Amino acid sequence: MEKLTQKDNLPSSTQFSEFWRKFKKNRMGLVGLVMLAAITFVAVFAPLIAPHRSSSILNVGVSDIYKAPSAQHIFGTDDAGADVFTNFIYGARVSLTVGFFAAFISIVIGGVLGIVAGFFGGRVENILMRFTDIMLVIPDLPLMVVIVALTKPSLLNIIFVIGLLGWTTTARMVRSQTLAVKSRKFVLRARAIGSSQFHIIRRHIFPLVTPILVVQAVLVVSLAVLNESTLSFLGLGDPTVLSWGQMLNYAFGRGAMSTGAWWALVVPGFGIVWVVLGLTLLGQGLEQVLNPRLDTHHLMPGRPNVKSTSVALSRNETQPASGKSLLEVQNLSVNYVTEGQLSARAVESVSFTLKEGELIGLVGESGCGKTTLMLALLQLLPSAGQIVNGQVLFGGRDLTTLSDDEMNTVRWSEISIVFQGAMNALNPVRSVGDQIAEAIKKHLTGFPSDKISTRVVELLDLVGIAADHKDHFPHQYSGGMRQRAMIAMALACNPQIIIADEPTTALDVMIQAQILELLNSLRTKLGLAIIFVTHDLGVVAEMCDRVLVMYGGVTAEYADVDIIYNEAKHPYTQELLKAFPDLTRPKKKLSSIPGYPPRLDALPAGCRFAPRCPVVFERCHQEQPSLHQMDGNRHIASCHLLEASK
Amino acid sequence: MFVLVLNFFLFRVLPGDPARAGVHDPRLKKDSIEAIRVRFGLDKPVINCFETLNPIKLGSCDINPLDTQFFIYLKNLVTGELGISYHTNRPVATVLAERLWNTVLLIGAGQILSITVGAFFGVFAAWKARTAIDYGALATSLVVWSLPTFWLGIILLFWGSANGLPIGGKATPGMSSAPLMQQWGDIARHMILPTVTYTIVYMGEYMLIMRSSLMDVLSEDYILTAKAKGLGVFQILRDHALKNAMLPLVTIIAINLGFTVAGAIQIETVFSWPGLGGAIFEAVNRRDFPVLQGAFLLIAVTVIVANLIADLTYSYLDPRVHTE
């Protein structure tokens, strides 16, 4: 929001050049603009371009009618012996004139109604929007046909009728934009200092509504051109003015069809398509530039994993002393690539080992690559993400080398994941029980189908959800229930590992505690191994066996939980602990780490924590520290200080 | 209700006395005109004091409100009586009913086809987003969206007539005595060109909407959940994405159904299809107000019914609507 405010303060020339810079990259918009420029040029300089004078139809003979295209008449002649190409060029004038003027009327009406309705609200808005809704429901064309037919068929009339009927969508869109803008801070501020309403509308609302008006205007012009040609084609146009629609009307009504004079039909239609297509492309292009949307989704194929062989793969620095290791992540690196260019090194050379029944805490501030790392384990990275190095060893296989189909047999049945904010992680149009059953059906193929329902109830019971909620939909669940349902779903196929990606964010404290307790008890009851992603050190202290602290996409420190709490070596871990209240030392002063984690697309040259580090020295800014092993591989940290102290 | 009132006044306010416009013939004697006016109920005042909107005279108004055109219009509406066509002298309801079925036939076929084709390509484009397939589908839909309906109709007509397809009307003359199967086959052949026109013109819009809607759905968290559950691409599309992505499409289809009469005017004119759109067009040229009034009423009802259907479908597809 603040960003927008700033942008609003920029001089308009800067804004425009910024807009133009983006627009130049938009191929669709550019093509549209060029198409429009071409036809506008033709229309403006019609007398210079036209090969024949438009009045040269005075001395035509019968033989001149519907003459096929020739050198003299490149698009042949029409029913009156006139040159089709000449008429086409002059027709552009009419069509564009009608289009622009009619659209102007529509945009002014729609803009004013929209702003007034949105800005003043209350009864004014109610009445205006009711009216708009009714107008929106009335089909334009039949109404236009009736009105134009019953009034005098002049160009002016057509412009007014089209203009007066075409404002509804504009009004609606402008209204919603005004509503959105109205509550922005700078508008409220302007109100607070007592600016007049007119001033606020003119200086604050209007500039932010303009982009929508521009896009709408382009689309409304195209509709107006279409409507004019339709009316003219139906014989309701101004008979004295030869628009493209009128040309088609004459040709269609006067035997072009039966004489096979395709040129008289194709050429004017081509003009209409050209203009409308140009406007549509321009509108789409503008929309994309002014209102950018990410055109990616979860089903887009990911990038193939790349392994650079130059890095030694197995360093095995943290071989566990006891217990069978279940999952071994070695030197895993993930890059984000946008438009063919490396945009972020989100995860770099992270290694950790998960033993059976173990709970690992993955800690770090937001934007440290924690979620990326978890998604990479299951090959669920967005299409821009790419594993560039490392291995994920599970059950004797390297998961990073598996195909999507092979991966699907591992997902959920072996490793399942509970996403942060189960708000949207459940499909809103399917019942919760159904979604749990789906996982069972998919993976436990031998499972008797009549027992599935019982199993679902059992799972829900396990997480403390009553059986009668089985057929309810996610929106009928509370936030905590949804998260528990997610956990039930994660348990459905008896996986060995559950990844819990910040499962308690956005939940209130009581529910958080419940969920954590649930996870912990399930771990002991079912012997699950859990990777717990969080930024809550309290949770880590209470539940985890080992802790991996990540900062800026790399491992900061990795050790047993008591080592982390008592002998943290990395300044980042130490700072994190200082920011966390300790019940045993209630008088301790809490401090926060100034600044933010580095943006993964703009990492500092040396140590990633250097800009915020309280004990930073010169080397930190130049050289990235390597991992130091202490305590017989049970404790690793990456800091230059450790080397210095050795 | 508003529509009913608007509908009535629209055709009273527009220039031209309905009676004189409808029977525009200078040879008619004054009393015959008067007789015609009585026959169509035009001798009655439009509405109580409508003619005397002069504020000075407003007090002296002694017209029985139950004996006005407006009241009779409303009364007739309740009984399903739409008046008598000026031109054909037949009841409007009968005229429109037969026309309506032809339009429903044409539009029904066209809508079903365009929705199927459009939605299919929309799904395909969204799934294969940012590939050549996607860009191709996008470009095609923008182009077909820009085609004027009537022009596409003309071009297809041109092409069709060269390839032996019937060029207009609903049936070949003289077919009415043929066996039923043959009659239907004949109608189907006549429907090919208009239906194809209709399909192409509307396909682009459906494709664009389906694509953007599915793109939105596919970037939702629950799709990632489905993927993490190990479901295959087709299963995710079928079980988790399509139903959700259909929601915006339903709204657009409903709105379009109301607007299809607009498209019908163009198509029915080009292909001389005896439908509602053609009826409106003819009625306009003949100043046949009762028919127009009836047709607009029919359109209004269609729009309202279409919206109702949309709401019902919506609540069927989206459990959030009917449980709250």
Side-chain angles (χ1 to χ4, degrees), chain A residues 134 137-142 145-147 149-151 222 226 229-230 233-234 248 252 257 262 265-266 269 272-273 276-277 280-281 284 294-300 378 380 405 407-413 416-417 419 421 423-431 438-439 442-443 473 475-476, chain B residues 2-3 10 14-16 126-127 129-130 142-143 145-151 154-155 157-158 161 215 218-233 236-237 239-240 243-244 258-259 261-262 265-266 269-270 280-281 284-285 287 292 295-296 299 303 317-320 323:
Chain A
I134 291 167
V137 170
I138 299 174
D140 300 357
L141 191 68
V145 167
V146 169
I147 298 178
L150 301 182
T151 52
S222 74
L226 271 181
S229 64
T230 308
F233 169 72
L234 291 175
L248 283 167
F252 185 67
M257 203 69 116
W262 54 267
L265 293 169
V266 171
I272 302 168
V273 176
V276 176
L277 185 61
T280 312
L281 288 174
Q284 291 268 336
L294 271 180
D295 256 4
T296 60
H297 60 67
H298 296 307
L299 289 194
M300 283 166 74
L378 280 174
L380 289 174
D405 282 341
M407 211 44 226
N408 276 343
T409 61
V410 177
R411 289 176 185 149
W412 224 256
S413 63
S416 59
I417 180 164
F419 290 104
M423 206 63 134
N424 302 316
L426 290 166
N427 191 331
V429 304
R430 294 182 58 184
S431 76
E438 188 185 28
K442 170 79 192 176
H443 292 290
F473 290 93
H475 69 275
Q476 292 161 301
Chain B
F2 180 86
V3 177
L10 178 68
L14 282 170
W127 171 27
R130 296 171 75 176
L142 287 180
V143 170
W145 196 81
S146 308
L147 291 172
T149 314
F150 65 90
W151 185 65
I154 292 174
I155 300 298
L157 192 57
F158 210 97
S161 62
M215 288 288 288
L218 287 182
S219 51
E220 290 280 356
D221 290 345
Y222 54 82
I223 298 298
L224 188 60
T225 308
K227 207 176 156 189
K229 273 160 93 174
L231 304 181
V233 172
I236 294 178
L237 279 176
D239 298 343
H240 285 275
K243 200 174 164 193
N244 314 47
F259 277 76
V261 180
I265 291 185
Q266 303 183 38
T269 308
V270 173
I280 292 178
F281 188 59
V284 166
N285 285 335
R287 305 292 188 268
L292 276 182
F296 270 74
I299 293 174
V303 171
L317 286 175
D318 192 344
R320 284 166 291 187
T323 43

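Below, chain A is the first sequence line, B the second, and so on; all start at residue 1. No experiment lies behind these values; they were computed from the predicted model shown.
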Whatever's closer than 4.5 Å to a heavy atom in chain A on B/Leu142 counts as both

Taking every heavy atom of B/Asp239 against every heavy atom of A/Arg430, the minimum-distance pair comes out as O-NH1, 3.2 Å

*Using atom types as modelled and distance alone, determine if a side-chain donor or acceptor of A/Asn427 lies under 3.5 Å from a backbone N or O of B/His240.*
yes

Highest number of heavy-atom pairs under 4.5 Å with chain A among B/Phe281, B/Trp127, B/Trp145 belongs to B/Phe281

All heavy atoms of A/Ile417 vs all of B/Ala228, minimum pair found to be CG2-CB, 3.5 Å

Requested in this report: Check the pair A/Leu378 / B/Lys227 against side-chain contact (heavy atoms from CB on, under 4.5 Å), numbers first and verdict last.
Outcome: CA-CA 10 Å; A/Leu378 280 174; B/Lys227 207 176 156 189; over 6 Å; no

Check your understanding: So do B/Val143 and A/Leu277 actually touch side chain to side chain, heavy atoms under 4.5 Å?
Key -> yes

Can you tell me if B/Trp151 uses its side chain to pair, donor with acceptor, with the backbone of A/Thr230 under 3.5 Å? no

* Would you confirm whether B/Thr225, through its side chain, and A/Ala425, through its main-chain N or O, come within 3.5 Å as a donor-acceptor pair? => yes

### Query
Tell me, do B/Leu218 and A/Met300 make a side-chain contact under 4.5 Å, heavy atoms counted?
no

| task | For the pair A/Lys442 and B/Lys229, evaluate side-chain contact (heavy atoms from CB on, under 4.5 Å) and give the outcome as yes or no after the intermediate values. | result | CA-CA 8 Å; A/Lys442 170 79 192 176; B/Lys229 273 160 93 174; over 6 Å; no

Counting heavy-atom pairs under 4.5 angstrom with chain B, the leader among A/Arg411, A/Met407, A/His443, A/Gln284 is A/Arg411

Whatever's closer than 4.5 Å to a heavy atom in chain A on B/Ile236 counts as side chain

- request: Report yes if the side chains of A/Phe252 and B/Thr269 come closer than 4.5 Å at any heavy-atom pair, otherwise no.
  value: no

Under 4.5 Å to a heavy atom of chain B? For A/Val266 that would be both

Comparing A/Thr280, A/Leu380, A/Val276, A/Val429 against chain B, the one with the most heavy-atom pairs below 4.5 Å turns out to be A/Val429

A/His298 meets the side-chain contact (heavy atoms from CB on, under 4.5 Å) criterion, sequence neighbours left out, with B/Ile223, B/Leu224

dist A/Ile272:CD1 -> B/Ser146:OG (nearest 0.5 Å) comes out at 11.5 Å

Honestly, the part of B/Ala226 sitting under 4.5 Å from a heavy atom of chain A is neither

Q. Taking side chain as C-beta onward, heavy atoms only, is A/Leu234 less than 4.5 Å from B/Phe150?
A. no

Residue from B/Val233, B/Leu317, B/Val270 scoring the most non-hydrogen pairs under 4.5 Å with chain A is B/Val270

Heavy atoms of B/Pro148 and A/Val273 approach each other most closely as CD-CG2, 3.7 Å

Nearest heavy-atom approach of A/Asn408 to B/Gly232 is ND2-CA, 4.0 Å

Query raised in the report: Does the side chain of B/Leu231 reach to within under 4.5 Å of the side chain of A/Trp412, using non-hydrogen atoms?
Result: no

Sorted by chain and number, sequence neighbours left out, ring pair (Phe, Tyr, Trp, His ring centres under 6.0 Å) with B/Tyr222 holds for none

